[in-house]
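Reviewing the structure listed below.
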Protein chains: 2
Amino acid sequence: MTQIMDTAEALFAEEGYNGVTFNRLAEVAGVDASLLRYYFGDKEQLFQAVFRRRGPELNQARLKSMAAYRESAGKNLQLEGVLDALVRPGFLLMAQDEGWRNYMAIVAYVNSSRGPMHALFAETFHYVSREFIADLRRIYPNVTEEEIYWSYLFMTGALTFSISGTKRIDALSNGLVSTSDTMGVFHRFPIAMAGAIRALCERPEAVRPPRTRKSRRANTARD
Amino acid sequence: MTQIMDTAEALFAEEGYNGVTFNRLAEVAGVDASLLRYYFGDKEQLFQAVFRRRGPELNQARLKSMAAYRESAGKNLQLEGVLDALVRPGFLLMAQDEGWRNYMAIVAYVNSSRGPMHALFAETFHYVSREFIADLRRIYPNVTEEEIYWSYLFMTGALTFSISGTKRIDALSNGLVSTSDTMGVFHRFPIAMAGAIRALCERPEAVRPPRTRKSRRANTARD
DNA sequence: GTCTATACGGCGATAGAC
DNA sequence: GTCTATCGCCGTATAGAC
């Protein structure tokens, strides 16, 4: 059962949802296709089962990690800290377990797809995204909502690509740098993305007009 | 002919390579499947034709834009400038043309995929990537190769996700921010990614030991 | 629970009429 | 160049024997 899902996970990670057939899935897993059906239903249900299997564990770890950082930082939240807290659990799991690497590739696949898989992704990940966005707001209470979401866009794009398991950078750099160097990615990700978010949110244009009554926010470029 | 490729482009952008069948492609394009074969060969050849159609135009525009920026900046290259020069042509094309938006989604799809499509992507885009990386080296001559490639990884990830045409941010932000606001993405992308690259490359650990013959390499991280 | 047999449709691909 | 006819295969899915 676990073995079947591991196999499905690996295949979906490698070839995407449409790249694998139900029968081949059964064949590679070494079970009869009918048996696979008996357990999981049709192909879509199997995919959903794979997608959902590790989601709660990852989310709980992330929420716990983020809460712990908030606790330790008190009023003094740092970008690097909230970013590290967000991605640490995932990268640590990826670093030690191939199943997790495959799972992350599937998450990246779904996140990069259009269409009906949106719902599946949202169901699992939107809550954590909102928690992270709430942290950004705490760090930048005077920055517009828009700029917070733009920041999130670039952050999540870089993250998605980093966990997708493509070997693009390996090829470009002739193996000097590889996304399979999970800890190398993990170490740099919060640094880079903190820089990106800072650059976006600390522009004068990113600041919203104060909602307080006595508007002292004069001379900014755009109010 | 052009019309056929536009249709194929739109379908591949929406559903990915494996999400579309050759017959449906013909049906939606309003031509007989045999005719489609007569023109393009099999499905893979059609996909390649679509992928290659706009590549040279985009690349030439990028190389020109990058050369123009180098020219204007002289010895004083800025991160924002090289980033802007790199992505400007693509975003401008996307902003005015749906075909280009579809094409970019396909590029993002291929870039996010594992497997044999690597070659197709590399053939078209590696050259420009190397040009961009060369610019990064000019800006940071003392930064390690590794750090340059890590910078490129996060940059290209954010870019890939930004052009992929998913509506994830639209959903998260309840429509406040949308990746279909091409100019909004374009405007912020160089700012954000310059911040990211700066954060990575201006750490002391990112600096490499000097390569001069009188190697004083000793104990300093910074030279 | 597990495997066999089988239905049916759609897929990619070819031959050939016009 | 364009369309019809048709092939064999593989896809998902079901019924039912053991």
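So you know, we letter chains A, B, ... as the sequences are listed, proteins then strands, and number each from 1. Owing to the predicted nature of the structure, the values given are computational and were not obtained by experimental measurement.
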Let me check something: any side-chain donor-acceptor pairs from residues 62-70 of chain B under 3.5 Å, sequence neighbours excluded? List them with distances.
| unit_1 | atom_1 | unit_2 | atom_2 | d |
| --- | --- | --- | --- | --- |
| B:R62 | NE | B:L86 | O | 3.3 |
| B:S65 | OG | B:A85 | O | 2.6 |
| B:Y69 | OH | B:Q78 | N | 2.9 |
| B:R70 | NE | B:D135 | OD1 | 2.7 |
| B:R70 | NE | B:D135 | OD2 | 3.4 |
| B:R70 | NH2 | B:D135 | OD2 | 3.3 |

Per-pair distances, 0.1 Å, donor-acceptor, side chain in residues 169-185 of chain B, under 3.5 Å, sequence neighbours excluded:
| unit_1 | atom_1 | unit_2 | atom_2 | d |
| --- | --- | --- | --- | --- |
| B:D170 | OD1 | B:T179 | N | 3.4 |
| B:D170 | OD2 | B:S178 | OG | 2.5 |
| B:S173 | OG | B:I169 | O | 2.8 |
| B:S173 | OG | B:L176 | N | 3.3 |
| B:S173 | OG | B:V177 | N | 3.0 |
| B:S173 | OG | B:V177 | O | 3.1 |
| B:S178 | OG | B:S180 | N | 2.9 |
| B:S178 | OG | B:S180 | OG | 2.5 |
| B:T179 | OG1 | B:T166 | O | 3.0 |
| B:S180 | OG | B:K167 | NZ | 3.2 |
| B:D181 | OD1 | B:G184 | N | 2.9 |

Item checked: Under-4.0 Å salt bridge between B:R52 and B:E123 -> yes
Note to self: My understanding is that only residues two or more places apart in sequence, or in another chain, count here; which of them pass side chain to side chain contact (heavy atoms under 4.5 Å, CB included) with B:L36?
What the structure shows: B:I4, B:F22, B:L25, B:A26, B:V31, B:F40, B:L46
Margin query: What residues from residues 33-45 of chain A pass a heavy-atom cutoff of under 4.0 Å to DNA chain C?
Written below: A:S34, A:L35, A:Y38, A:Y39
Checklist line | Residues from residues 4-29 of chain B lying under 4.0 Å of DNA chain C - heavy atoms | finding: B:T21, B:F22, B:N23
Checklist line | side chain to side chain contact (heavy atoms under 4.5 Å, CB included) partners for A:E27, two or more places apart | finding: A:R24
Next item on the list: Would you please name every residue forming a side chain to side chain donor-acceptor pair (under 3.5 Å) with B:R114, sequence neighbours left out?
Entry: A:E14
Checklist line | Set of residues satisfying side chain to side chain contact (heavy atoms under 4.5 Å, CB included) with respect to A:S112, sequence neighbours excluded | finding: A:T160, B:S112
Note to self: For A:Q45, give me all partners under side chain to side chain donor-acceptor pair (under 3.5 Å), at least two apart in sequence or on another chain.
What the structure shows: none
Notebook entry, point to check: Looking at residues at least two apart in the chain, or sitting in another chain, which of them share a side chain to side chain donor-acceptor pair (under 3.5 Å) with A:R203?
Noted result: A:E147
Check: Along DNA chain C, 5' to 3', what are the outermost nucleotides having an atom less than 4.0 Å from a heavy atom of chain B?
Finding: C:dC11 to C:dT14
Note to self: Which residues pass the side chain to side chain donor-acceptor pair (under 3.5 Å) test with B:R54, not counting sequence neighbours?
What the structure shows: B:E9
